There are 2 protein chains.
Amino acid sequence: MPLPQTEVPGRLQAELMSRGLRMTHQRRTILSVVETAKQHLDASQILRQARRLDPGIDRVTVYRTLGLLKRHGLIDELDLMHMQGEKHFYERRPQRDHIHMACLRCGKIAEFESDLFDRLKGQIQRECRFHIVVSRLEVGGYCAECRASN
Amino acid sequence: MPLPQTEVPGRLQAELMSRGLRMTHQRRTILSVVETAKQHLDASQILRQARRLDPGIDRVTVYRTLGLLKRHGLIDELDLMHMQGEKHFYERRPQRDHIHMACLRCGKIAEFESDLFDRLKGQIQRECRFHIVVSRLEVGGYCAECRASN
DNA sequence: TAATCTATTGCAACTGGGTTTCAACTTACG
DNA sequence: CGTAAGTTGAAACCCAGTTGCAATAGATTA
Ligand SMILES: [Mn+2]
Ligand SMILES: [Mn+2]
Ligand SMILES: [Zn+2]
Ligand SMILES: [Zn+2]
């Protein structure tokens, strides 16, 4: 049993169950990893974390579960400017979208919420008559520390 | 000789030459393909087009040239929501950044320039003290036609 | 609780976009 | 020209992600 039964189901798990999807041990484990992540994780990091809870989990199950969560709009997929390889990163979809800033020197990722961003998405929906399902704004550049220290 | 000598060098080629880079036949050919593209092209499309002008060109040269153009900030790399595979798309960096909208039903890509987008980038630079080198805003959703016809 | 039905899993093989290596070849420059 | 450093093509390679399929395990029903 990977998770103690006392574990509260978590929002992701509750959301998937309410949509009538089967809840397996593997899914519960992967969901808990995604849900409690403190940073953006790629698929292999999610696999490693999941295996600490349930060593038998296969990477194909991680990919399939990430695909499921994506299709249901429960997580967002990020590129983070593909600074090291072509891998993708994941995070729980937040209540309010945010912008990702990737420092090209130190690699740090910062997040930023902005009313202007919300207004811009509103403008796109209105003026382009385009119904937005998912949006991703990523910028690459240099953070304050790196600009100062060089 | 892939291109007629009467061909005006083109902005990309002029830019690279002004930075002291060697101008080879292959580079000239690939630059002309990127420069005259009417839509966003992926690496294999660029290779196919380039081979029509210079059949000996290898795909590794396309990747190397795209890397060069990226490093010099002369082209932008797009994901276009990775709607079919993990490939990337390229376009000449425009004077003014634009947003890409990808319809998840018909696959059409639309572009949109917005003053709000420019202001948002200004806000990021000021409030986050982050110097933006490259920015990418992509949204996925449903275009007007697809919303109407279903 | 057991039977059933169907979705999900793990394994292994595969795909495809992109990279590395290196000898041969160009390019730019004096 | 002759030279030296940068660039190329070919082949092998890498690695994130996918596919096919038989075995397994949720959910539902009796
Ligand atoms: Mn990508
Ligand atoms: Mn564009
Ligand atoms: Zn930094
Ligand atoms: Zn459409």
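Only a predicted model underlies this, so the values are computations on that prediction, with no experimental measurement involved. Only this structure's heavy atoms are used, side chains among them; waters, hydrogens and symmetry mates stay out.
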Closer than 4.0 Å, any side-chain N/O of Gln26(B) to the OP1 or OP2 of dT26(C)? no
Determine the contact category for Gly56(B): base if any of its heavy atoms lies under 4.0 Å from a base atom, sugar-phosphate if only primed atoms, P, OP1 or OP2 are that close, otherwise nothing. sugar-phosphate
What is the separation between atom CG on Leu21(A) and atom C1' on dA25(D), rounded to the nearest whole Å? 16 Å
Per nearest nucleotide of DNA chain D, the residue lying toward the 5' end, Asp42(A) or Arg64(A), is Asp42(A)
Length of the CG-C1' vector between Asp54(A) and dG10(C), whole Å: 12 Å
Over its full length, what angle do the end axes of the helix from dT1(C)-dA30(D) to dG30(C)-dC1(D) make, each axis taken from five pairs and the result rounded to 10 degrees? 40°
dT8(D) C1' sits how many Å from His25(B) NE2, rounded? 12 Å
Are any of the side-chain heavy atoms of Leu69(B) and Leu31(B) separated by less than 4.5 Å? yes
Can you tell me the distance, in whole Å, between the CE atom of Met83(B) and the P atom of dG17(D)? 18 Å
Plane angle bin for Tyr142(A) and His131(B) - parallel if under 30°, tilted between 30 and 60°, otherwise perpendicular: parallel
Would you kindly give the CZ-to-P distance between Arg19(A) and dA7(C), to the nearest whole Å? 19 Å
Would you give the length of the straight line joining atom CG of Leu66(B) to atom CZ of Arg71(B), rounded to the nearest 0.5 angstrom? 11.0 Å
Distance in Å, Leu16(B) CG paired with Leu74(B) CG, rounded so as to fall on 0.5 Å steps: 5.5 Å
Whether His88(A) contacts dA16(D) is assessed here as follows: a side-chain N or O lying under 4.0 Å from the phosphate OP1 or OP2. Is that the case? no
side-chain N/O Thr24(B) vs dT8(D) OP1/OP2, d < 4.0 Å: yes
Quick one: do Arg52(A) and Gln49(A) satisfy side chain to side chain donor-acceptor pair (under 3.5 Å)? Show the steps, please. CA-CA 5 Å; Arg52(A) 289 183 8 206; Gln49(A) 293 258 95; 3.0 Å; yes
Given dG18(C), dT8(C), dG10(C), which nucleotide is nearest the side-chain atoms of Ala43(B)? dG18(C)
5' priority, DNA chain C, between Arg59(A) and Arg22(A) [closest heavy atom]: Arg22(A)
Drop me the distance from Ser44(B)'s OG to Lys87(B)'s NZ, to the nearest 0.5 angstrom. 5.5 Å
Determine: side-chain N/O of Tyr63(A) to OP1/OP2 of dT18(D), distance under 4.0 Å, yes or no. no
Should side-chain heavy atoms under 4.5 Å link Ile, Leu, Val, Met, Phe, Trp and Tyr, which residues sit in the same cluster as Phe117(B)? Ile99(A), Met101(A), Phe112(A), Leu116(A), Phe117(A), Leu120(A), Ile124(A), Phe130(A), Ile132(A), Leu137(A), Val139(A), Ile99(B), Met101(B), Phe112(B), Leu116(B), Leu120(B), Ile124(B), Phe130(B), Ile132(B), Leu137(B), Val139(B)
OP1 or OP2 of dG18(C) sitting under 4.0 Å from any side-chain N/O of His82(A)? no
Shared-cluster residues of Tyr63(B), by chain and number - hydrophobic side chains joined below 4.5 Å: none
Reckon Arg27(B) has a side-chain N or O less than 4.0 Å from the OP1 or OP2 of dT7(D)? yes
Selected nucleotide, minimal atom distance to Met23(B) side chain, candidates dA28(C), dA10(D), dT18(D): dA28(C)
To the nearest Å, how far apart are Gln84(A) CD and dC15(D) C1'? 13 Å
Atom CD of Glu86(B) and atom P of dC14(C) are separated, to the nearest Å, by 21 Å
How many whole angstroms separate atom CE of Met17(B) from atom P of dT27(C)? 12 Å
